[in-house]
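Heads up, the thing below is written out as structure tokens.
Ligands are counted one by one from 1 in listed order, and the atoms in each one are counted from 1 as well.
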Amino acid sequence: MQDQAANNGASPRQSSCIVDGPIIVGAGPSGLAVAATLRKHSVPFTILERSDDIADLWTNRTYGRLRLHLPKVFCELPHVRFPPDFPAYPSKHDFLRYLHSYAAHFSIAPLFGRVVTRARFDESTSLWHVTAAVKCGEATEYVSRWLVVASGENAEVVVPRVKGRERFGGEVLHSSEYKSGERFKGKRVLVVGCGNSGMEMCLDLCEHGAIPFMSVRSGVHVLPREMLGTSTFGIAMKLLRWLPVKLVDGFLLLVAKMILGSTEKYGLKRPKLGPLEIKGVTGKSPVLDVGAWSLIKSGDIKVVAEVESLGCNGARFVDGNEMAFDAVIFATGYRSNVPSWLQDGSGFFTEDGKPRSRCPGNWRGPNGLYCVGFSGRGLLGAGADALRAATDIAARWQQQEETTVGAAEATISPV
Ligand SMILES: Cc1cc2nc3c(=O)[nH]c(=O)nc-3n(C[C@H](O)[C@H](O)[C@H](O)COP(=O)(O)OP(=O)(O)OC[C@H]3O[C@@H](n4cnc5c(N)ncnc54)[C@H](O)[C@@H]3O)c2cc1C
Ligand SMILES: NC(=O)C1=CN([C@@H]2O[C@H](COP(=O)(O)OP(=O)(O)OC[C@H]3O[C@@H](n4cnc5c(N)ncnc54)[C@H](OP(=O)(O)O)[C@@H]3O)[C@@H](O)[C@H]2O)C=CC1
Ligand SMILES: O=C(O)C(=O)Cc1c[nH]c2ccccc12
């Protein structure tokens with residue numbers, strides 16, 4: 001890394017350095033997988049990570065009971081298998097252990113505490129200028145030919161504006177702040193949202209003696225995590241090799257109905273598009289049930305309508321019902337933060353901060369821009385993107401090195 005200027009005179013203080021190899025934004029699974037693959041090709045890199053450790057989402061923004069909900073073979077990063085003693089569905093602690101040893105194995109040392117606030121492409125030099133806020137208003141500009149966006153589809157929380165929220169006297173939190181149901185024992189808790197987070201928190205609340213209510217707006221596909229002893233996801237992947245997605249969805253829904261019964265009867269309408277098709281088209285994940293469904297059937301988890309407003313001690317719903325609650329937890333999902341920092345002149349990303357083109361053509365943008373972990377296919381998709389992006393960068397890096405060495409040899413060779 002080459003230091004360019006101590007301070008350009010602008011306020012706040014900003015230093016600038018040209019880095020060797022690409023700049024990677026984010027040290028989650030995607031950023032680590034890109035770095036590992038670059039390491040294999042002997043390409044240097046710089047990772048900028050806002051938090052003070054790797055895998056911030058998994059370390060700090062997930063609940064205690066979380067397990068991978070896809071079988072382990074679908075969650076491994078490129079080049080390193082999970083240890084053989086890992087369970088079929090590793091816990092978040094298992095997964096974190098793996099990620100730390102992955103980073104150590106490839107000697108990946110991100111620069112922590114660097115919040116990327118701006119990235120712009122300079123047409124005149126064909127270089128990316130990436131600004132990262134460090135602390136106390138200080139900032140550093142990193143300059144490179146290549147920029148890898150690996151900041152995640154789940155970078156920021158989504159909390160809807162609900163009328164009367166400021167009047168509600170109980171605790172309000174987002175699922176990313178929820179650790180365990182222990183402290184809600186005996187409390188009436190409204191969980192807004194019925195994705196995997198909403199479902200699993202309701203299950204956890206029940207198991208800790210709380211009284212959960214799950215507010216549903218538009219419904220969701222609930223699938224058993226396993227069908228006849230085999231993972232539903234694994235079956236779907238196998239069938240997709242031979243059959244179109246609509247047929248596979250039809251099969252999954254038929255078996256789900258046989259195993260779970262009708263979900264509509266309990267207030268969970270199924271979307272019009274099938275579970276895999278809707279995941280591909282909108283990114284909405286089906287719920288892979290790990291136990292909440294039977295508690296919905298037994299009435300321990302109560303399904304309620306969309307929230308209309310909050311009051312001092314409870315909520316009003318769009319169907320006119322009103323109920324008292326001690327706490328409200330928004331399990332309303334996440335969003336990308338790319339639009340807040342990437343100046344994307346070419347419109348490669350949408351306003352939602354996801355690549356405009358669909359998988360598999362979504363990992364490479366113009367001008368040395370790459371995008372890893374935005375294919376809506378979880379860790380499996382992140383690993384595939386990482387391999388493609390890092391291999392492409394490595395080829396260009398090698399080319400550049402050869403040109404530079406060639407030019408240097410030409411300069412020093414005797415005439
Ligand atoms: C609760 C939960 C459970 C999940 N379970 C599964 C599962 O079982 N299987 C599966 O396949 N997928 C799962 N997912 C999907 C999840 O997106 C992936 O597992 C994985 O975390 C994606 O990795 P990533 O590196 O792309 O993003 P992240 O893990 O979100 O990592 C992005 C990193 O970028 C950093 N960052 C963001 N913005 C900036 C910035 N401006 N400057 C600097 N750094 C920044 C973040 O701090 C973070 O460390 C789950 C998601 C959630 C929320
Ligand atoms: N064990 C595991 O592996 C787990 C994996 N995950 C994954 O993490 C990702 C995020 O999941 P999750 O946190 O559940 O988020 P999701 O985006 O999947 O679900 C959000 C939920 O909140 C609802 N919602 C959003 N906005 C509003 C609003 N304004 N008013 C009312 N309801 C609203 C949505 O309803 P609507 O459909 O109407 O918009 C939906 O039910 C997913 O990929 C998921 O699969 C999460 C937890 C556990
Ligand atoms: O946890 C998620 O939502 C994931 O992104 C993993 C995932 C990728 N493809 C899927 C299809 C069905 C269910 C989960 C996933």
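The single protein non-hydrogen atom nearest to atom 23 (C) of ligand 2 is Gly193 CA, 3.9 Å, given as residue, atom name and distance. Protein heavy atom at the shortest distance from atom 23 (O) of ligand 1 is Pro29 CD, 3.4 Å. The closest protein non-hydrogen atom to atom 1 (C) of ligand 1 is Thr62 CG2, 3.8 Å. The protein atom (non-hydrogen) at minimum distance from atom 17 (O) of ligand 2 is Gly333 CA, 3.8 Å. Looking only at protein heavy atoms, the nearest one to atom 39 (O) of ligand 2 is Arg217 NH2, 2.8 Å. Of the protein's non-hydrogen atoms, the one nearest atom 41 (O) of ligand 2 is Cys194 N, 3.0 Å. The closest protein non-hydrogen atom to atom 10 (C) of ligand 3 is Phe233 CE1, 3.4 Å. If you check which protein heavy atom lies closest to atom 10 (C) of ligand 2, you get Tyr334 CD1, 4.0 Å. The protein non-hydrogen atom at the shortest distance from atom 5 (C) of ligand 2 is His69 CE1, 3.7 Å. Ranking the protein heavy atoms by distance from atom 5 (O) of ligand 3 puts Lys279 NZ, 3.1 Å first. Nearest protein heavy-atom contact of atom 9 (C) of ligand 2 is Asn154 OD1, 4.5 Å. Taking atom 36 (N) of ligand 1 as the reference point, the nearest protein heavy-atom neighbour is Arg50 NE, 3.6 Å.
Checked by distance only, ligand 3 and Arg377 stay at 3.5 Å or farther apart across all their nitrogen or oxygen atoms. Of the polar atoms of Leu379, at least one N or O is found under 3.5 Å from an N or O of ligand 1, judged by distance alone. Considering backbone and side-chain atoms alike, Gly378 places an N or O below 3.5 Å from some N or O of ligand 3. Considering backbone and side-chain atoms alike, Ser285 places an N or O below 3.5 Å from some N or O of ligand 2. Considering both main-chain and side-chain atoms, Tyr63 never comes within under 3.5 Å of ligand 1 through any nitrogen or oxygen pair.
For Ala331, every heavy-atom contact with ligand 2 shorter than 4.0 Å involves the backbone, none the side chain. Contacts between Pro286 and ligand 3 below 4.0 angstrom, taking non-hydrogen atoms only, involve the side chain exclusively. Residue contacts with ligand 2 for Lys284 involve side-chain atoms from C-beta outward but no N, CA, C or O (heavy atoms, distance under 4.0 Å). Contacts between Asn196 and ligand 3, counted as non-hydrogen atom pairs separated by less than 4.0 Å, are absent for every part of the residue. Of the heavy atoms in Phe330, none comes closer than 4.0 Å to ligand 2.
Aromatic pair Trp293/Tyr266: ring centres closer than 6.0 Å.
The pair Arg335-Asp352 does not count as a salt bridge, with every side-chain nitrogen at least 4.0 angstrom from each carboxylate oxygen. Using a cutoff of 4.0 Å between basic side-chain nitrogens and carboxylate oxygens, Asp392 and Arg388 are not scored as salt-bridged. Salt bridge absent: Glu153 and Lys354 never bring a charged side-chain N and a carboxylate O closer than 4.0 Å.
When Phe348, Trp146, Trp128 are each tested for a ring pair (Phe, Tyr, Trp, His ring centres under 6.0 Å) with Phe121, only one passes: Trp128. Between His221 and the options Lys269, Arg270, Lys284, a side chain to side chain donor-acceptor pair (under 3.5 Å) holds for only Arg270.
Close contacts of ligand 3 with His69, meaning ligand atoms under 4.0 Å from a residue heavy atom, involve 1 (O), 2 (C). Set against the non-hydrogen atoms of Tyr334, the atoms of ligand 1 under 4.0 Å away are 53 (C). Close contacts between ligand 2 and Tyr63 involve ligand atoms 47 (C), 48 (C) [criterion: under 4.0 Å to a heavy atom]. Every atom of ligand 1 with a heavy atom of Ser30 under 4.0 Å away is listed here by number and element: 23 (O), 24 (P), 25 (O), 26 (O).
Protein non-hydrogen atoms do reach within 4.0 Å of atom 2 (C) of ligand 2. Contact annotation for atom 7 (C) of ligand 2: protein absent (non-hydrogen atoms, distance under 4.0 Å).
Using 4.0 Å as the threshold, Trp58 has a heavy atom nearer than that to some atom of ligand 1. Residue contacts with ligand 1: Glu153 is excluded, as none of its non-hydrogen atoms falls under 4.0 Å.
Using a 4.5 Å cut-off on side-chain heavy atoms (C-beta onward), Phe168 and Val328 make contact. A heavy-atom distance below 4.5 Å is not found between the side chains of Asp94 and Pro83.
Residue Leu57 holds the heavy atom nearest to atom 30 (O) of ligand 1 of all those in Leu57, Ile24, Leu70, Val149. The heavy atom nearest to atom 6 (C) of ligand 3, considering only Leu70, Leu68, Leu223, is found in Leu70. Of the options Pro160, Cys75, Ser218, Gly195, the smallest heavy-atom separation from atom 18 (O) of ligand 2 is shown by Gly195. With distances taken over non-hydrogen atoms, the option nearest atom 44 (C) of ligand 2 out of Thr332, Asn196, Val290, Thr62 is Asn196. The nearest non-hydrogen atom to atom 13 (O) of ligand 2, considering only Ser197, Gly378, Gly283, comes from Ser197.
With hydrogens and angles disregarded, a donor-acceptor distance shorter than 3.5 Å links the side chain of Lys92 to the backbone of Thr62. For Arg65 (side chain) and Ser91 (main-chain N/O), no donor-acceptor pair under 3.5 Å exists by modelled atom type.
Here the SG atom belonging to Cys312 is positioned 6.0 Å from the CZ atom belonging to Arg167, to the nearest 0.5 angstrom. To the nearest 0.5 angstrom, Leu38 atom CG is 5.5 Å from Ile24 atom CD1. Once rounded to the nearest 0.5 Å, the distance linking CG of Asp20 with CH2 of Trp397 reads 4.5 Å.
Under the 3.5 Å distance criterion, with hydrogens and angles disregarded, no donor-acceptor pair is assigned to the side chains of Arg61 and Tyr334.
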